[in-house]
Amino acid sequence: MNILTNPKKLRGFERYIKVDNVSRRSILKGLGVAGGFVLAAPVMSRPAFAAYQTGADKMPHGTVVDPRVFVAIAPDGIVTIVAHRAEMGTGVRTSLPMIVAEEMEADWSRVHVQQADGDEVKFGNQDTDGSRSTRHYLMPMRQIGASARTMLEAAAAKRWDVPATEVKAVNHEVVHSASGRRIGFGDLAADAAKQPVPSIEGLKLKDPKDFRYLGKGQIGIVDLHDITTGAARYGADVRLPGMKYAVIARPPVTGGKVASFDGAGAMKVSGVEKVMEVKGWPWPSKFQPLGGVAVIARNTGAAIKGRDALKIVWDDGANSKYESVSYRAELEEAARKPGLVVRKEGDVEAALKGADKVIVGEYYLPHLAHVAMEPPVAVADVKGDKAEIWGPMQSAGGTREDVAKTLGIPQENVTVNVTLLGGGFGRKSKCDYAIEAALLSKELGAPVIVQWTREDDVRNGFLHTVSVERIEAGLDKNGKVTAWRHRSVAPSIASTFAPDTVHQAPFELGMGLVDMPFEIANVQCENPEAVAHTRIGWFRSVSNIPRAFAVQSMVSEIAHATKRDQKDMLLELIGSPRIVKLDSVKDLWNYGEPYDSYPIDTARLRKVVELVADKGGWGRSVPKGHGLGIAAHRSFVSYIATIVEVAVDDKGKFTVPRVDTAIDCGTYVNPERIQSQIEGTAIMGMSLAKHGAITFKNGKVQQGNFDDFPVIRIDESPAVTNVYIVPSGPDTPPSGVGEPGVPPFAPALINAIFAATGKRIRALPIGKQLEA
């Protein structure tokens with residue numbers, strides 16, 4: 001039963017905000033029965049009054065600003081606000097509804113958050129990636145809330161026969177100041193529904209000084225109660241009547257396929273019901289399944305035991321000779337030769353030849369796996385030409401589209417229900433696991449859950465690319481950098497979509513390579529060829545990880561060579577406060593945002609460096625064996641700087657007593673989530689820098705679980721992480737938070753290790769390099 005059709009079900013709701021995952025169609029039906037209020041408005045484009053433009057409308061399916069879609073009011077006054085993005089720890093399922101509630105003057109304790117299903121026609125783009133949710137939806141959500149508030153005020157004014165200018169919505173009521181009359185939102189719902197929707201141009205937004213929620217950090221995430229009590233529902237928690245349980249043995253080499261298999265051993269396992277081959281698609285094939293052999297059982301444990309008993313002969317295909325050691329040598333060789341020029345200013349070759357000193361740094365990062373705490377999982381129920389999916393999807397709309405195409409059914413016949421994500425980091429933007437479940441359900445004529453194990457996740461996922469970054473810096477006799485050549489060699493994410501891809505795409509080149517902001521007269525960036533031999537996908541902060549590691553490590557190397565302070569050297573290279581012009585870059589990618597709204601502003605980059613240096617006590621005295629390192633980077637149109645303090649003992653074991661990070665993310669909504677995410681990026685950044693490496697031999701991933709691809713434990717985590725948020729004016733566009741904290745961490749750590757030990761690490765992970 002829809003909870004909104006029975007107001008009594010909501011008593012005691014004020015204790016915590018509950019999140020449901022019920023079809024929006026059910027909500028509308030329930031409201032109709034209950035005589036509730038659904039805002040009526042045409043589908044609108046982005047608000048014309050925005051102080052800045054974003055790239056939201058250029059995303060697939062653009063931005064929908066339609067109060068009918070996002071807001072409903074029940075007769076008892078409960079306001080339901082739809083969250084159309086996926087919750088994976090960023091707090092988006094809280095922050096976006098909170099924006100609406102703020103403008104609407106809704107009492108947050110009487111707000112109900114509703115998770116949207118996958119429908120990009122209705123909701124607009126639903127890709128929860130690229131740190132885009134707040135920056136693309138701050139203004140549209142404010143407009144939706146302001147529309148609701150205006151309609152409620154108009155309804156009250158009409159009922160009291162007073163001018164609308166004399167009434168005002170205040171904390172879930174509309175008040176007539178002259179007479180002191182008050183009326184609640186629930187009592188006004190039916191009348192407000194009859195009001196015309198205000199024009200975009202006529203809307204009046206709240207003055208930020210009157211905000212009660214935005215920027216205050218006083219509201220916890222709406223899922224907190226359920227998560228902490230164990231009531232939260234993740235993908236693996238979904239249960240349907242008659243559901244079958246499946247695991248799949250997938251090709252161990254990308255592009256491989258089943259040559260033959262014997263399922264007799266699997267069928268002898270108690271609980272196993274069926275063994276069947278799963279269709280695979282020739283690689284590259286976007287997010288289509290790899291194929292393999294599925295074991296269907298009455299529970300997941302039996303399915304796993306049955307899979308272990310399978311006898312499969314694999315045809316490994318063209319990637320069977322892929323080996324990490326030899327491939328690294330290929331990348332290094334390519335980095336030492338000229339490559340495709342993607343940025344050119346001045347004459348780098350002449351400047352390097354005429355330099356008083358040339359410093360060369362070559363930096364290596366291996367493949368990385370996402371290893372979200374919750375491995376991929378999906379439930380599907382396919383009946384005829386209709387399909388329903390449940391699971392942790394970063395892109396509910398994209399999943400709907402891909403499932404429909406794969407099954408050959410109309411998109412409107414596919415329903416995608418989004419559960420909580422136990423971490424995502426980009427992996428759960430790819431819906432191969434949902435398509436697997438749909439294919440099996442269609443074949444079996446029953447609901448099916450496909451559960452990936454940790455080993456499946458590590459060995460058959462979409463990896464972060466392997467990379468070699470080579471930087472040559474030319475210095476004059478005064479130690480000033482006059483030339484900078486950066487060659488970046490890495491297989492591209494585009495190889496997942498198209499064969500014969502050998503160069504990185506503009507969106508990858510725009511992540512710390514061609515957009516490098518240093519004030520240097522002669523700059524050249526090159527992208528030599530690299531062939532992919534496994535599935536490559538986006539990963540939290542993507543190509544910014546290797547680029548920031550290389551660039552910020554080189555800053556420290558130059559500082560050491562010239563006997564300069566790291567921070568001073570960094571500020572000198574950033575140079576004067578200015579808007580960086582990149583006229584020589586063809587197809588400059590700026591995280592999908594217009595450059596007028598989101599230019600590369602070195603004043604903002606300098607400010608985070610100076611702020612973290614001040615707050616973090618840069619230059620402070622530290623004990624013997626300790627060192628400080630600093631790094632700064634712009635990514636996802638935010639500016640961030642990090643100081644890491646490291647302690648290295650006489651056996652080469654290191655710990656991180658303290659991390660300080662300053663972030664300028666423009667206008668922000670929920671500082672509590674910003675702090676949490678930056679703390680999380682420090683943990684993830686340290687984990688990747690210390691342990692992270694996926695390696696290949698004979699085309700196969702050599703790791704499988706946390707024993708050989710470890711993440712840091714509590715006793716290894718940074719002891720203290722301080723976060724400083726740069727305040728911004730209301731006209732400063734919001735920018736990313738979830739990803740920008742990762743890139744500067746590793747170089748700040750490496751620079752701190754050098755300060756503590758004098759040992760320069762140029763290849764990650766650190767592993768046992770300090771113990772040698």
Side-chain angles (χ1 to χ4, degrees), residues 87-91 220-221 223-230 232 234 236 368-375 420-425 427 453-455 457-458 539-541 545 616 622-623 625-629 642-661 663 672-694 703-723 737-739 741-750 752-753 756 761 764-771:
E87 180 56 74
M88 54 184 174
T90 63
I221 59 172
D223 300 289
L224 184 61
H225 179 275
D226 285 355
I227 290 172
T228 54
T229 60
Y234 295 86
L368 300 169
H370 302 83
V371 292
M373 288 296 102
E374 173 201 37
L420 277 175
L421 279 65
F425 312 125
R427 170 59 181 99
T453 65
R454 178 62 62 202
E455 287 78 9
D457 177 39
V458 171
F539 180 99
R540 190 178 190 178
S541 78
I545 296 174
V622 294
H626 289 231
L628 299 178
T642 293
I643 293 173
V644 170
E645 178 184 351
V646 72
V648 186
D649 68 19
D650 56 6
K651 294 182 180 179
K653 302 287 186 182
F654 71 91
T655 57
V656 173
R658 176 175 168 181
V659 178
D660 292 271
T661 295
I663 180 170
E672 185 275 332
R673 281 294 92 192
I674 297 173
Q675 179 174 340
S676 294
Q677 289 181 82
I678 297 303
E679 290 170 345
T681 57
I683 292 170
M684 187 173 186
M686 185 166 173
S687 192
L688 297 174
K690 188 173 184 178
H691 299 302
I694 295 294
Q703 293 72 32
N705 211 313
F706 292 127
D707 58 335
D708 47 20
F709 188 80
V711 297
I712 59 172
R713 304 299 197 252
I714 291 175
D715 62 346
E716 298 176 277
S717 299
V720 175
T721 300
N722 299 311
V723 181
V737 173
E739 295 171 274
V742 176
F745 187 89
L749 173 62
I750 295 305
I753 288 173
I761 293 173
L764 294 181
I766 297 167
K768 297 183 179 181
Q769 292 182 68
L770 290 176
E771 299 174 39

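One-based numbering along the sequence shown. What you are looking at is a predicted structure, and each value in this text was computed from that prediction instead of being measured.
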- Task: Of all the heavy-atom pairs spanning Ala746 and Ala689, show the shortest one and how long it is.
- Result: CB-CB, 4.0 Å
- Message: Working to the nearest 0.5 angstrom, can you tell me the gap between Ile753 CD1 and Leu770 CG?
- Response: 5.0 Å
- Message: Measuring from atom CG of Leu688 to atom CG of Leu749, what distance do you get when rounded to the nearest 0.5 angstrom?
- Response: 11.5 Å
- Message: Between Glu87 and Gly89 (side chain of the first, backbone of the second, donor and acceptor by atom type, cut-off under 3.5 Å), is there such a pair?
- Response: yes
- Query: Looking at residues at least two apart in the chain, or sitting in another chain, which of them share a side-chain contact (heavy atoms from CB on, under 4.5 Å) with Ile674?
  - Reply: Ile663, Cys665, Tyr668, Ile678, Ile725, Val737
- Full working for side-chain contact (heavy atoms from CB on, under 4.5 Å) between Ile750 and Ile766: CA-CA 9 Å; Ile750 295 305; Ile766 297 167; 3.8 Å; yes
- Straight-line distance of Gln677 CD to Arg673 CZ, nearest 0.5 Å: 7.0 Å
- Message: Which heavy atom of Asp708 sits nearest to which heavy atom of Pro710, and what is that distance?
- Response: C-CD, 3.4 Å
- Message: Can you give me the closest heavy-atom contact between Ala752 and Gly629, atom names plus distance?
- Response: CB-N, 3.3 Å
- Query: Do Thr721 side-chain atoms and Val659 backbone N/O form a donor-acceptor pair below 3.5 Å?
  - Reply: no
- Hey, does Val711 have a side-chain heavy atom less than 4.5 Å from the side chain of Ile683? no
- Message: Can you confirm whether Val371 sits close enough to Asp457 that some side-chain heavy atom of one is under 4.5 Å from a side-chain heavy atom of the other?
- Response: yes
- For Val656, does its backbone N or O pair with a side-chain atom of Arg658 as donor and acceptor, under 3.5 Å? no
- Item | Nearest non-hydrogen partners of Ala756 and Val646, listed with the distance | CB-CG1, 4.1 Å
- Hey, could you give me the CE/OG1 distance between Met686 and Thr655, rounded to the nearest 0.5 Å? 7.0 Å
- Item | Distance (rounded to the nearest 0.5 Å) between Met684 CE and His370 NE2 | 7.5 Å
- Hey, are the side chains of Thr661 and Thr681 touching, using non-hydrogen atoms and a 4.5 Å cut-off? no
- Task: For residues Phe654 and Lys690, determine if any side-chain heavy atom of one lies less than 4.5 Å from a side-chain heavy atom of the other.
- Result: yes
- Identify the two heavy atoms, one from Pro657 and one from Ala647, that lie closest to each other, and give their separation to 0.1 Å. CD-N, 4.1 Å
- Task: Ignoring hydrogens and angles, tell me if any N or O in the side chain of Arg540 forms a donor-acceptor pair with the backbone of Gly424 under 3.5 Å.
- Result: no
- Message: So Val742 and Phe425, do their side chains get closer than 4.5 Å, heavy atoms only?
- Response: no
- Query: So, are Glu771 and Lys651 salt-bridged, with charged N and O less than 4.0 Å apart?
  - Reply: no
- Heavy-atom closest pair, residues Ile712 and Pro718: CD1-CD, 4.4 Å
- Item | Residue pair Glu672 / Ser676, side-chain donor-acceptor N/O under 3.5 Å | yes
- Minimum side-chain heavy-atom gap Phe706-His691 below 4.5 Å: no
- Just how far is it from atom CZ of Phe709 to atom CZ of Arg454, taken to the nearest 0.5 Å? 10.0 Å
- Message: Whether the side chain of Asp223 engages the backbone of Ile227 through a donor-acceptor N/O pair (distance < 3.5 Å, no angle test) should be reported.
- Response: no
